Asker: 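The following block contains the structure, expressed as structure tokens.
Counting from 1, the numbers follow the sequence of the chain as shown. These figures come from a predicted structure and were not determined experimentally.
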Amino acid sequence: MLAPPVVLLIFSTVICAERSQQQLDHGEEDQDALADGDSDDRISPVIWANKEFAFRLYRKLAGHAASKGENIMFSPVSVSAALAALSVGARGETHQQLFTGLGFNSSQLAQTDVDQAFRTFIGNMASHEDISQGTAVFVDNLFQPKAEFMHVLKQFYYADSFNVDFTKPTESADTINGYVSGKTNRKINKLVESLDSSTVMYLLSYIYFKGNWETQFDPKQTKPDVFRMDEINEVPVQMMRMEDVVDTYYDQAIATSVLHLPFNNSYSMLLLLPDHMDTLENDISPAHVTEWLERMKARKYRIFLPKFSIKTSYKLNDVLTEMGMADMFGDRADLSGIADGQKLLVSEVVHQATLDVDEAGATAAAATGVGIMVYSLSQTPELKFNRPFMVMIIKCQTNIFFMGKIVNPNL
Ligand SMILES: *[C@@H]1O[C@H](CO)[C@@H](O)[C@H](O)[C@H]1NC(C)=O
Ligand SMILES: *[C@@H]1O[C@H](CO)[C@@H](O)[C@H](O)[C@H]1NC(C)=O
């Protein structure tokens, strides 16, 4: 319901990751992230690619949501981590599409560089209380993935692994959903709706964040107010208020006010209030965020921010296909790095996210699921003549006796 403003807040999770990544970029803090000998040279391009991917995915989701006036909320790092883990097992054109789609330049980076970078990100996140990121892989009892694939997932993506019986779709979905629910403190309870019975593996990534504002809002100051969705529609909200010295920036070029609200744990939320949402959505890039953070000035402000609690759910098959990652979903899929001898394809990529903001702070959670199934010929292919088609009547290889086009079978 609260379309425009919540769109702004998508950047919170981007920024949560962003800020620590920036620290990595600049090598100022979080040196522990680099403790295992990774060089900036190999991690920076992955960080950069992840940011670019975040904005490209945002624009796709915004394009799909625009007509419906929906909130947008997702965790770019969760989607990137799940697809990067999938790309470990992808080969040929399928791998190339995933790699390029995620923004990785294969003349600069190898899969092992990407794996190493995610090891650093996930390892770094996992070390904080109230903030966690991880992956898991659910494998059918009768399916034999390659040892090398499982090894990379465990070593670099910190994947928890489980055996399940995917011939029992309800039970296995419950197992996966229970795991995600536990990892997200019950914020995401039903990532998987239903599973195809030819599923052999389910890959997922989750992220959970809870932060207290460095300066909390006083609940006594929270008052009913209205939120203007557009020129016509208003909705009631509980508006929090505070008067404090805060970091802000006004970006003239895209007519957007930027507010930086830190949590007391080294993460922060970036809130963007544009004059025209379209301008902001179309133009925003990682370079903008870098510039804003550098140019912020501390000033006393009166801040009004609604309390809210939102949930989103996406099936990303179409969006990822549009972003160039088409082959994994069809008979051209090459996932031979996961297992030999069986033709595998991705049945679905789903993503869910939540964001709760109140006087004390914010809680955000997200999970991405990737269903992998066996491509079986018993899946009866379909051919439906429900759109204009041509016909011919022929005899063997000789003549064409009749030929025509059917545009309207009723005439
Ligand atoms: C990939 O990297 C190479 C070498 O650095 C560069 O020439 C090329 O333009 C890059 N490709 C893309 C798509 O950025
Ligand atoms: C952050 O704020 C919360 C709530 O006020 C407090 O319990 C917690 O100890 C603080 N954490 C740090 C690292 O200061």
Asker: Please name the pair of heavy atoms, one in Y249 and one in M296, separated by the smallest distance, quoted to 0.1 Å.
Answerer: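 Closest heavy-atom pair between Y249 and M296: N-SD, 4.2 Å.
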Asker: Nearest heavy-atom pair of S268 and P262: which atoms, and what distance?
Answerer: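 Smallest heavy-atom distance, with atoms named: CB-CA, 3.6 Å.
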Asker: Does a salt bridge link E281 with R59, judged by any charged N lying under 4.0 Å from a carboxylate O?
Answerer: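 The answer is no: the pair does not qualify as a salt bridge.
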Asker: Among all residues two or more places apart in sequence or in another chain, which pass the salt bridge (charged side-chain N to carboxylate O under 4.0 Å, His left out) test with D165?
Answerer: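 Checked D165 against salt bridge (charged side-chain N to carboxylate O under 4.0 Å, His left out); matches are K168.
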Asker: Got a sec, which residues hit side-chain contact (heavy atoms from CB on, under 4.5 Å) with T321, two or more places apart in sequence or on another chain?
Answerer: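 For T321 the side-chain contact (heavy atoms from CB on, under 4.5 Å) partners, ignoring immediate neighbours, are A326, F329.
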Asker: Has S161 got a side-chain atom pairing as donor or acceptor with V137's backbone, closer than 3.5 angstrom?
Answerer: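 A pair under 3.5 Å: no.
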Asker: What pair of heavy atoms forms the shortest contact from S80 to L102, and how long is it?
Answerer: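 For S80 versus L102, the nearest heavy atoms are CA-CD2, 4.0 Å.
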Asker: Determine the minimum heavy-atom distance between P145 and M201, stating which atoms define it.
Answerer: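 Nearest pair, atom of P145 first, then M201: CB-CE, 3.8 Å.
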Asker: Quick test of your reading of the model: are K187 and D356 salt-bridged, counting only N-O distances below 4.0 Å?
Answerer: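 Between D356 and K187 there is a salt bridge, with a charged N closer than 4.0 Å to a carboxylate O.
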Asker: Applying side chain to side chain contact (heavy atoms under 4.5 Å, CB included), run through T363 and F209 and close with a yes or a no.
Answerer: CA-CA 6 Å; T363 305; F209 171 87; over 6 Å; no
Asker: Determine whether D327 and L98 make a side-chain contact, defined as any pair of heavy atoms from C-beta on separated by less than 4.5 Å.
Answerer: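 Sidechains of L98 and D327: no contact.
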Asker: Please test L355 against F308 for side chain to side chain contact (heavy atoms under 4.5 Å, CB included), starting from the C-alpha separation and ending with a verdict.
Answerer: CA-CA 8 Å; L355 176 62; F308 60 85; 3.8 Å; yes
Asker: For Q216 and A360, indicate whether the former's side chain and the latter's backbone hold a donor-acceptor pair under 3.5 Å.
Answerer: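 Judged by distance alone, yes, a pair lies under 3.5 Å.
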Asker: Checking the side chain of N177 only, and the main-chain atoms of A173 only, is there a donor and an acceptor separated by less than 3.5 Å?
Answerer: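 Yes, because the side chain of N177 sits within donor-acceptor range (under 3.5 Å) of the backbone of A173.
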Asker: Between K183 and Q133, is there a donor-acceptor pair closer than 3.5 Å when you use the side chain of the first and the backbone of the second?
Answerer: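 Between the backbone of Q133 and the side chain of K183 there is no qualifying donor-acceptor contact (under 3.5 Å).
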Asker: Could you check if a side-chain atom of I207 sits within less than 4.5 angstrom of a side-chain atom of V77, using non-hydrogen atoms only?
Answerer: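 Yes - at least one pair of side-chain heavy atoms lies under 4.5 Å apart.
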Asker: Is a donor on one side and an acceptor on the other found under 3.5 Å between the side chain of R119 and the backbone of Y157?
Answerer: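 Not at all, since once roles are kept as given, no pair shorter than 3.5 Å links the two residues.
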Asker: To the closest 0.5 Å, what do you measure between CE (M328) and CG (L86)?
Answerer: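 The CE atom of M328 sits 6.0 Å away from the CG atom of L86.
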Asker: Donor-acceptor pair, distance only, cut-off 3.5 Å: does the side chain of K146 make one with the backbone of S336?
Answerer: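 Present.
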Asker: Checking side chain to side chain donor-acceptor pair (under 3.5 Å) for the pair E348/Y202: CA distance, chi angles, key distance, verdict?
Answerer: CA-CA 10 Å; E348 65 173 20; Y202 205 89; 2.9 Å; yes
Asker: Using side chain to side chain contact (heavy atoms under 4.5 Å, CB included), reason through Q111 and F99 one step at a time and then give a plain yes or no.
Answerer: CA-CA 8 Å; Q111 181 68 42; F99 220 63; 3.5 Å; yes
Asker: Do Q238 and P224 make a side-chain contact, defined as non-hydrogen atoms from C-beta onward lying under 4.5 Å apart?
Answerer: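 Yes, side chains in contact.
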Asker: Would you compute the distance between atom CD1 of I372 and atom CG of D196 and round it to the nearest 0.5 angstrom?
Answerer: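 Separation between the atoms: 13.0 Å.
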Asker: So, do T135 and L203 sit near enough that their side-chain heavy atoms are less than 4.5 Å apart?
Answerer: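 Answer no - side chains too far apart.
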Asker: I'd like to know if the side chain of K343 reaches the main chain of A333, judged simply by a donor and an acceptor atom lying under 3.5 Å from each other, with no hydrogens or angles considered.
Answerer: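 The answer is yes, because a donor-acceptor pair under 3.5 Å joins these two groups.
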Asker: Within the side chain of T100, is there an N or O that forms a donor-acceptor pair under 3.5 Å with the backbone of Q97?
Answerer: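 Judged by distance alone, no pair lies under 3.5 Å.
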Asker: What I want to check is whether the side chains of S181 and N189 have a donor and an acceptor closer together than 3.5 Å.
Answerer: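 Yes, N189 and S181 have a side-chain donor paired with an acceptor closer than 3.5 Å.
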Asker: Between R56 (side chain) and G101 (backbone), is there a donor-acceptor pair under 3.5 Å?
Answerer: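 Yes: the side chain of R56 pairs with the backbone of G101.
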Asker: So, taking the atom named CG in N317 and the one named CD in E322, what distance separates them when rounded to the nearest 0.5 Å?
Answerer: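 Going from CG on N317 over to CD on E322, the span is 11.5 Å.
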Asker: Decide side chain to side chain contact (heavy atoms under 4.5 Å, CB included) for V319 and H64; before the verdict, give the C-alpha distance in whole Å, the side-chain angles of both, and the deciding distance to 0.1 Å.
Answerer: CA-CA 8 Å; V319 163; H64 280 251; 3.8 Å; yes
Asker: Would you give the length of the straight line joining atom CG of D251 to atom CG of L272, rounded to the nearest 0.5 angstrom?
Answerer: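 These two atoms lie 9.5 Å from each other.
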Asker: Working to the nearest 0.5 angstrom, can you tell me the gap between Y158 OH and I122 CD1?
Answerer: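 Separation between the atoms: 8.0 Å.
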Asker: For Q144, does the CD atom sit with more than 12 other heavy atoms under 6.0 Å from it, leaving out its own atoms?
Answerer: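 Atom CD in Q144 is not crowded, with 12 or fewer foreign heavy atoms closer than 6.0 Å.
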Asker: Does the side chain of D230 come under 3.5 Å of the side chain of N233 through a donor N or O and an acceptor N or O?
Answerer: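 Yes.
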Asker: I need the minimum non-hydrogen distance between D113 and V46, along with the two atoms involved.
Answerer: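 Heavy atoms of D113 and V46 come nearest at O-CG2, 4.4 Å.
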Asker: Between L344 and V200, is there a side-chain heavy-atom distance shorter than 4.5 Å?
Answerer: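 Yes, their side chains come closer than 4.5 Å.
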Asker: Does H260 reach the main-chain N or O of M269 with its side chain, forming a donor-acceptor pair under 3.5 Å?
Answerer: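 Side chain of H260 to backbone of M269: no pair is present.
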Asker: Mind checking the CH2-CD1 spacing from W292 to I284? Nearest 0.5 Å is all I need.
Answerer: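 Atom-to-atom, W292:CH2 and I284:CD1 are 4.0 Å apart.
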Asker: Any idea how W213 and F263 line up, ring-wise: parallel (<30°), tilted (30 to 60°), or perpendicular (>60°)?
Answerer: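 Taking F263 first and then W213, their aromatic rings lie parallel (interplane angle under 30°).
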Asker: Answer yes or no: is there a side-chain heavy-atom contact under 4.5 Å between R332 and T94?
Answerer: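 Counting from C-beta outward, R332 and T94 never come under 4.5 Å.
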Asker: The test is ring-ring contact (aromatic ring centres under 6.0 Å, His included); show your working for Y58 and F55 and say whether it passes.
Answerer: CA-CA 5 Å; Y58 176 88; F55 291 113; 7.7 Å; no
Asker: Is it the case that the side chains of T312 and Q352 hold a donor-acceptor pair, with the cut-off being a distance below 3.5 Å and no angle test?
Answerer: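 No - no donor-acceptor pair under 3.5 Å links their side chains.
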Asker: Between Y179 and F138, does the ring-ring contact (aromatic ring centres under 6.0 Å, His included) criterion hold? Intermediate values first, please.
Answerer: CA-CA 10 Å; Y179 175 84; F138 294 79; 5.6 Å; yes
Asker: Specify the closest pair of heavy atoms between N71 and Y314, including all atoms of both residues, with the distance to one decimal.
Answerer: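 Minimum heavy-atom contact is O-OH, 3.9 Å.
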Asker: Apply the test side chain to side chain donor-acceptor pair (under 3.5 Å) to residues S197 and T167: give CA-CA distance (whole Å), side-chain angles for both, the deciding distance (0.1 Å), then the verdict.
Answerer: CA-CA 5 Å; S197 59; T167 62; over 6 Å; no
Asker: Could you check if a side-chain atom of L57 sits within less than 4.5 angstrom of a side-chain atom of F74, using non-hydrogen atoms only?
Answerer: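 Yes - at least one pair of side-chain heavy atoms lies under 4.5 Å apart.
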Asker: Are any of the side-chain heavy atoms of T256 and D275 separated by less than 4.5 Å?
Answerer: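 No. Closest side-chain heavy atoms not under 4.5 Å.
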